[in-house]
Amino acid sequence: MNNSQSIIILGIESSCDDTAAAVIKDGKLLANIVATQNIHKLYGGVVPELASRAHQQNIIPVVDQAIKSAGINKEDISAIAFTSGPGLMGSLLVGVSFSKAFAMGLHIPMIEVNHMQGHILAHFIETSTPTANSNTIPSFPFLCLTVSGGHTQIVLVKDHFDMAVIGETIDDAAGEAFDKAAKIMGLPYPGGPLIDKYAAEGNPKAYSFTKPQIQELNFSFSGLKTGFMNFITNETAKNPNFVEENKADICASLQATIIEILLLKLKKAAKQTNIKQIAIAGGVSANSGLRAALQNLEQELDWKVFIPKFEYCTDNAAMIAITGYYKYLIKDFASQTISPKARYALK
Ligand code: KG4
Ligand code: ZN
């Protein structure tokens, strides 16, 4: 039993292919452990059944490591926070079932967390080693461009738990656009980080790709994917080594197109709402081109930009634990009857 006044939250994340556990004490991060499942690389994408089996194997060692590296005992934990959705059902079930058993065994409350809300609230994680990009926390209201493998949204964040999606993709997510383009080029999964790496050496103006004409603040990436596939097919028919010989330029041009699509709508949203505090979140916010482009806009448009540290961009449990911490403060607890939700709208 935790007899001190401190609030210690164990966070659990298992929505896709990362098994993660983190410990947060009074809003400050003590431990953040992620086990990435490399098995999916063999298949060019996440295989749901293999993901849930790997979560089963990883969850106890990952939690054990998080508790040990935080320097606490499990009896010190005030509550367990876990991702209840959105995500892959089999993957979510492992984290949810583990959390229920853990909470029951220790007689502590459970807190359910929306994964996308977690990505946004990652901006509120306090660490003992702040970096240039992470030592400030956005104030409300702010806009967050949440870009991951499954989602692309512009969210108006009015409070920790008062969020409105004001724009989103009508088909593929930005991360999917990176991953699918990488697959077309014969690169392994996940392709986003590789495209980012090759793009650094290439010319972003070497090739131009289809840009969507979509209403309002919404996005579309399926036309870009089809256009990219046709481009690679045509060029490879002329020169079988086209991709290998021009990898950097292709990656740089594709990345620049995705960033342009994202920023066009983000600028529109900032103008419409008259909000100048702009954050990014989710796996694609690790992209160095996107990070640099946002930093340029900070100067150009007088924005205050918030970019998460790399380890809080892609899936992690620190973002789930911090969301749990804020829910603990308002006593927003879940019951043992809770089920995972493959789809879970942000509100
Ligand atoms: O948030 P996340 O870890 O998982 C989901 O909730 O989907 O995001 C994963 C996505 C993948 O599509 C991956 O390719 C992309 O984030 N990603 C990147 C980079 N790092 C991860 N995309 C572009 N550049 C990167 N550096
Ligand atoms: Zn995610």
Side-chain angles (χ1 to χ4, degrees), residues 11-20 22 32 34-38 40-41 44-46 48 51 55 82-88 91-92 95 113-123 144-153 155 168-169 172-185 187-200 202 204 221 224-225 251-252 254-263 279-294 307-320 322-323 342-344 346:
I12 304 288
E13 158 60 33
S14 73
S15 65
C16 191
D17 59 341
D18 294 299
T19 318
N32 188 28
V34 183
T36 299
Q37 303 175 359
N38 290 319
H40 306 289
K41 286 205 170 98
V46 177
H55 283 304
F82 56 94
T83 303
S84 59
L88 299 171
S91 293
L92 290 165
V113 174
N114 179 312
H115 179 86
M116 301 313 293
Q117 196 162 42
H119 270 303
I120 295 172
L121 295 183
H123 284 278
C144 188
L145 174 69
T146 315
V147 269
S148 71
H151 292 79
T152 298
Q153 300 177 326
V155 183
E168 64 188 325
T169 182
D172 292 351
E176 245 176 311
F178 274 107
D179 296 340
K180 286 181 177 170
K183 197 169 178 180
I184 293 166
M185 293 172 71
L187 298 173
Y189 176 86
L194 289 170
I195 290 186
D196 190 354
K197 187 177 126 197
Y198 294 125
F221 289 100
L224 174 62
K225 176 189 63 191
C251 289
L254 178 83
Q255 180 171 296
T257 308
I258 296 174
I259 294 170
E260 199 182 321
I261 295 169
L262 292 171
L263 293 185
I280 51 170
V284 180
S285 64
N287 184 267
S288 48
L290 179 61
R291 295 164 87 94
L294 269 167
I307 300 175
K309 282 170 80 177
F310 281 112
E311 58 265 48
Y312 311 132
C313 292
T314 45
D315 287 350
N316 65 86
M319 68 188 202
I320 305 305
I322 193 72
T323 308
R343 290 175 177 274
Y344 187 176
L346 188 68

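What you see is a predicted model, and the numbers here were worked out from it, not measured in a lab. Remember, it's 1-based here, ligands and their atoms both numbered in the order they're listed.
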Practice item. Angle at the Zn ion (ligand 2): provide the value between OD1 of Asp315 and NE2 of His119, rounding to 10 degrees. Key: 100°
Review point. Is there a donor in the side chain of Asn287 and an acceptor in the side chain of Gln255, or the other way round, less than 3.5 Å apart?
Key: yes
Review point. Do Ile280 and Pro308 have side chains that get closer than 4.5 Å, going by heavy atoms?
Key: yes
Review point. How close does the nearest protein non-hydrogen atom get to atom 24 (N) of ligand 1, and which residue and atom is it?
Key: Asn287 ND2, 3.0 Å
Review point. Tell me, which protein residue and heavy-atom name are nearest atom 13 (C) of ligand 1, and how many Å apart are they?
Key: Asp179 OD1, 3.8 Å
Check your understanding: Does an N or O from Gly282, backbone or side chain, lie closer than 3.5 Å to an N or O of ligand 1?
Key -> no
Practice item. Verify, without hydrogens or angle tests, whether Arg343 (side chain) and Gly85 (backbone) share a donor-acceptor contact under 3.5 angstrom. Key: no
Revision key, fill the gap. Near Gly149 (heavy-atom distance under 4.0 Å), the atoms of ligand 1 are 5 (C), 7 (O), 8 (O), 9 (C), 10 (C), 12 (O)
Practice item. Verify, without hydrogens or angle tests, whether Asp179 (side chain) and Pro190 (backbone) share a donor-acceptor contact under 3.5 angstrom. Key: no
Review point. Do Phe178 and Asp196 come close enough that some side-chain heavy atom pair is under 4.5 Å?
Key: no
Practice item. Please state whether His115 comes within less than 4.0 angstrom of ligand 1, counting heavy atoms only. Key: yes
Practice item. Determine, considering heavy atoms only, which of Gly283, Gly289, Ala281 sits nearest to atom 20 (N) of ligand 1. Key: Gly283
Review point. If you measure every N/O of Asp18 against every N/O of ligand 1, is any gap under 3.5 Å?
Key: no
Point to revise | Atom indices of ligand 1, in the order listed, that fall short of 4.0 Å to a heavy atom of Thr314 | key: 3 (O), 21 (C)
Exercise for review: Ignoring angles and geometry beyond distance, decide whether Glu176 reaches within less than 3.5 Å of ligand 1 through its nitrogen or oxygen atoms.
Suggested key: no
Review point. Considering distance alone, does some N or O of Gly175 sit under 3.5 Å from an N or O of ligand 1?
Key: yes
Check your understanding: Hey, is ligand 1 close enough to Gly192 that some N/O pair sits below 3.5 Å?
Key -> yes
Point to revise | Main-chain N/O of Met319 paired with Asn316 side-chain donor or acceptor, under 3.5 Å | key: yes
Review point. Under 4.0 Å from ligand 1, counting heavy atoms only, is it the side chain of Gln255, its backbone, both or neither?
Key: neither
Exercise for review: Mind checking whether Asp196 contacts ligand 1 via backbone (N, CA, C, O), side chain (CB onward), both or neither, at a 4.0 Å heavy-atom cut-off?
Suggested key: side chain
Check your understanding: Heavy-atom contact under 4.0 Å between Gly150 and ligand 1?
Key -> yes
**Study point:** Asp315 vs Thr36 side-chain heavy atoms within contact, under 4.5 Å
**Key:** no
Point to revise | Thr323 OG1 to His115 NE2 distance, which is reported to the nearest 0.5 Å | key: 10.5 Å
Check your understanding: Quick one: nearest non-hydrogen protein atom to atom 3 (O) of ligand 1, plus distance?
Key -> Asp315 N, 2.9 Å
**Study point:** Euclidean distance, His55 NE2 relative to Thr19 OG1, rounded to 0.5 Å
**Key:** 4.5 Å
Check your understanding: Going by atom types only, do Glu13 and Thr83 share a side-chain donor-acceptor pair under 3.5 Å?
Key -> yes
Point to revise | Name of whichever N/O/S atom of His115 is nearest to the Zn ion (ligand 2) | key: NE2
**Study point:** His119 near ligand 1 by a heavy-atom separation under 4.0 Å
**Key:** yes
Check your understanding: Under 3.5 Å, side chain of Asp18 to main-chain N/O of Ala20, donor-acceptor pair present?
Key -> no
